[in-house]
K.L.:
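I am attaching a structure below and will ask some questions about it afterwards.
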Amino acid sequence: MQRSSSQSTTSSSSGSGKPADYVTFERSVAGFSDDAVHRAKAAQLKLEHFYKVAVEAAIERNTRRVELERKLQIDIMTSEDRKHRQLQQLGKKESTYLRLRRTRLGLDDFRTVKVIGKGAFGEVRLVQKTDTGKIYAMKTLKKEEMLKKDQLAHVRAERDVLAESNSHWVVQLFYSFQDPQTLYLIMEFLPGGDLMTMLIKYDTFSEDVTRFYIAECVLAIDTVHKLGFIHRDIKPDNILIDKDGHIKLSDFGLSTGFHKQHDSSYYQRLLDSSNGVQSPAAAARNSVMVNAIHLTMSSKDQIATWKANRRKLAYSTVGTPDYIAPEIFQQKGYGNECDWWSLGAIMFECLVGYPPFCSESTHDTYQKIIQWQYHLVFPDDVHLSREAEDLIRRLITSQDRRLNIEQIKNHPFFYGVEWDTIRLIDAPFVPHLRSITDTSYFPTDEIDQAPAEAPVADLADAQKDLAFLGYDIYSALSCCRLFIF
Amino acid sequence: SPVTPIAQKPLYLCSPFVEAALVKGNFKTIVVLPKYVDIMEWVAVNVFDFYTNLNEFYGVISECCTQQSCPTMSAGQNLNYTWINQDRKSVHLAAPTYIDYVMTWIQNLLDDENVFPTKSGHDFPQSFPSTVKHVYRQLLRVFAHIYHAHYPQILHLRSEPHFNSLFAHFLAFGREYELLDIKDVKGAANSPVGAGMLWERWREMGILEG
Ligand SMILES: Nc1ncnc2c1ncn2[C@@H]1O[C@H](COP(=O)(O)OP(=O)(O)OP(=O)(O)O)[C@@H](O)[C@H]1O
């Protein structure tokens, strides 16, 4: 045992209330390389993350089982035999999910068909999984760019929203993985393009067509809200059209998911502290700075509190301005009502042809949005029904006066909308598709089709990897969907 | 003053370090086989995680585990593990070499579709349970060496709550699925495994079940 006695001493057990074998140990990282200190911090974080996820997964798995058992118990129509099979089926699904955790999907498993979209941090490609031949949309995000622009928090949120929702209003995420330079999101491919492309094509929509899209958006946004997320960046380019002409929301790049760890400054602080910048308390001898993770799961309440805590409100400002609510710029708190403002702006654009505060420069747009009272103007040459204008005015208004979900659904503009079945009716525009890889609804000519540059080895990878810790996780909720691989 | 036996006690058995833990509460929550789930998949993914997490920690202290500092794979006062080479002879290896062999061997198994299948339709081989026991025993040795030879470094790096919890979880899991022989954990009477004493201590403390 190599232990220098100068470093550790056994305290005398006299009256200190400490155990007889209590020792003090003078901690110091002086003998270590910077790399080791850094790796130690990373290993700790990874393990903390690991146990957090392990507990979370155990709870969720348990919930799924209990729910099914309860459902089967009260079901008197189904035979015992079938019930048994359904339970076995659940076990199979869970087992497959466990197996997926050991599976490493990578770029090699997909072949690019075409680049169909470009964004601030990467691009969106139509890809085919080589072994199964299935088609997906693959979104790539350059880590370097995201770290530079401090967008980390957002991509983590994006992954979480996509992964957590199992809703037909949200683009389904199947898998995510990363290499040293890039994050990859493998999503369902929506062949109908986006609402922005559609608006470019048609200039404006009739009130009937507008009613359809805006009503579907209302339900989609409400779904996101019910999951505990705020989208914050709803704009026509994020409203995608599926093969039947119905909409789904994508791009949660700016949505806030409220996990503490989504805060990228949090990583910066951790990195700083592992670089020796430490608070006096943390430097104290023997101190064991660790927030214990509790494994014992006792009641449903606990689960509920825990879930609720995961979704705390966050304050921050980022964004492309045209559809963004004023309160987001103003460093004040905001809630999910900011998404209804965005919807108002989109509705305005559908009927009028441009968004209400569009300007030559983003700076002017910001200004107009903040002083929306003076700048929300309905042009004389476009006729809007009273109901349409009224709804827009009740969405593009101050936070406290904005309509809430129920008021929106009951607004006269939506008179006649069957909220429960709208996704089942025929959409106003149904894409004509010639094949599963038809990209005619995407402006592929305008996008550089050159293959992505070859990955270059990079410094500071350890640091970057730490920031993207926990990124490659599959959603438990979509595990059934993962079967398609 | 007389030298008390307590002073000889390894740091990892001393207060407050022996109590340090990242996770509190009962490991059962994350150890028991989830109902209806295939036991092979459950064991496979857990072994995969133990390997990954331990590898992470060994990576941290690997600069302190050298041919000079650790000429043998030590795990107790009188205990140096030997490696069985290709000629089936027991040989002494320096700890970093030994651990490198172990980790490479396990990584290769994990990557081998015939041992740890990942593709759908591929089943676990008949030999899977015995393979996993082998893996588990070798992982135990890596834990044991780190406790015996590198615990002060773990302390300097403030990682003892994490490392303790990982090891306790490893023991709890190994016990639940009979992947560990108690004699491997404790060692022989004349050459005990240092870290094996944590088993009793943690049981007394209620961290591990009886
Ligand atoms: N799942 C999908 N299926 C089909 N097309 C998609 C899909 N996801 C994205 N696209 C296309 O790619 C375009 C860009 O995607 P997206 O808006 O998600 O990324 P982005 O532009 O990087 O986001 P950001 O607004 O953060 O810059 C979309 O407008 C859409 O046309």
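A, B, ... follow the sequence lines: proteins, then strands. Residue 1 opens every chain.
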K.L.:
Inspect the contact between E41(B) and R101(A) and indicate whether a charged nitrogen and a carboxylate oxygen are less than 4.0 angstrom apart.
P.N.:
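Answer for the salt bridge query: no.
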
K.L.:
Could you tell me which non-hydrogen atom of G31(A) sits nearest to which non-hydrogen atom of E63(B), and how far apart they are?
P.N.:
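In this case the closest contact between G31(A) and E63(B) is O-OE2, 4.5 Å.
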
K.L.:
Pick out which of R61(A), Q89(A), E69(A) makes a side-chain contact (heavy atoms from CB on, under 4.5 Å) with Y36(B).
P.N.:
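Output: one option passes, namely E69(A).
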
K.L.:
Is there a side-chain contact between R27(A) and L155(B) in this structure, where contact means two heavy atoms from C-beta onward sitting under 4.5 Å apart?
P.N.:
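Heavy-atom side-chain distance check passes, below 4.5 Å.
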
K.L.:
Over 60° means perpendicular and under 30° means parallel, so tell me whether Y51(A) and F27(B) are parallel, tilted or perpendicular.
P.N.:
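Taking F27(B) first and then Y51(A), their aromatic rings stand perpendicular (interplane angle over 60°).
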
K.L.:
Passes side-chain contact (heavy atoms from CB on, under 4.5 Å), L47(A) versus L166(B)? Steps please.
P.N.:
CA-CA 8 Å; L47(A) 203 71; L166(B) 182 61; 4.1 Å; yes

K.L.:
Where do V23(A) and L11(B) come nearest, in terms of heavy atoms and distance?
P.N.:
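Looks like CG2-CD2, 3.8 Å.
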
K.L.:
Measure the spacing between CZ of F116(B) and OG1 of T103(A) and express it to the nearest 0.5 Å.
P.N.:
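One gets 12.5 Å once the value is rounded to the nearest 0.5 Å.
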
K.L.:
Checking K46(A) against N53(B) for the side-chain contact (heavy atoms from CB on, under 4.5 Å) test, could you report, in this order, the C-alpha distance in whole Å, the side-chain angles of both residues, the deciding distance, and whether it holds?
P.N.:
CA-CA 8 Å; K46(A) 284 185 191 172; N53(B) 288 324; 5.5 Å; no

K.L.:
May I ask you to decide whether D111(B) forms a salt bridge with R102(A), counting only side-chain N to carboxylate O separations under 4.0 Å?
P.N.:
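Not counted as a salt bridge, because no side-chain N and carboxylate O are separated by less than 4.0 Å.
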
K.L.:
Quick check: are there more than 12 heavy atoms from other residues, nucleotides or ligands sitting under 6.0 Å from CD of Q126(B)?
P.N.:
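Atom CD in Q126(B) is not crowded, with 12 or fewer foreign heavy atoms closer than 6.0 Å.
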
K.L.:
Using a cut-off of under 4.5 Å for heavy-atom pairs, which of T52(B), L157(B), V37(B) has the most such pairs with chain A?
P.N.:
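Maximum pair count with chain A is reached by L157(B).
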
K.L.:
Specify the closest pair of heavy atoms between E56(B) and A43(A), including all atoms of both residues, with the distance to one decimal.
P.N.:
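So the minimum-distance heavy-atom pair works out to CG-CB, 3.7 Å.
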
K.L.:
Which atom names give the shortest non-hydrogen contact between A58(A) and T29(B), and what distance separates them?
P.N.:
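Residues A58(A) and T29(B), closest heavy atoms: CB-O, 3.9 Å.
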
K.L.:
When rounded to the nearest 0.5 angstrom, what is the spacing between CD1 in I39(B) and OG in S95(A)?
P.N.:
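If I round to the nearest 0.5 Å, the distance is 11.0 Å.
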
K.L.:
Is it true that atom CZ of R82(A) has more than 12 heavy atoms of other residues, nucleotides or ligands lying nearer than 6.0 Å?
P.N.:
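Not buried by this count: 12 neighbours or fewer within 6.0 Å.
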
K.L.:
Rounded to the nearest 0.5 Å, how far does NZ of K41(A) lie from OG of S159(B)?
P.N.:
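With rounding to 0.5 Å, OG (S159(B)) is 8.0 Å from NZ (K41(A)).
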
K.L.:
Less than 4.5 Å apart, side chain to side chain, heavy atoms only: is that true for Y22(A) and C14(B)?
P.N.:
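No, too far: nothing below the 4.5 Å cut-off.
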
K.L.:
Check this for me, if you would: do K92(A) and D38(B) make a salt bridge, where the nitrogen-to-carboxylate-oxygen distance has to be below 4.0 angstrom?
P.N.:
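Judged by the 4.0 Å cut-off on N to carboxylate O distance, K92(A) and D38(B) do not form a salt bridge.
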
K.L.:
For residues Q44(A) and F57(B), report the shortest heavy-atom separation together with the two atoms involved.
P.N.:
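Reported closest heavy-atom pair: N-CZ, 4.5 Å.
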
K.L.:
Supply the atom-to-atom distance L87(A) CG to K35(B) NZ, rounded to the nearest 0.5 angstrom.
P.N.:
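One gets 8.0 Å once the value is rounded to the nearest 0.5 Å.
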
K.L.:
Determine the minimum heavy-atom distance between E48(A) and L22(B), stating which atoms define it.
P.N.:
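Reported closest heavy-atom pair: CG-CD1, 3.6 Å.
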
K.L.:
Fit a plane to each ring of H156(B) and F25(A), take the angle between them on a 0 to 90° scale, and name the class: parallel (under 30°), tilted (30 to 60°) or perpendicular (over 60°).
P.N.:
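Rings of H156(B) and F25(A): tilted, as their planes differ by 30° to 60°.
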
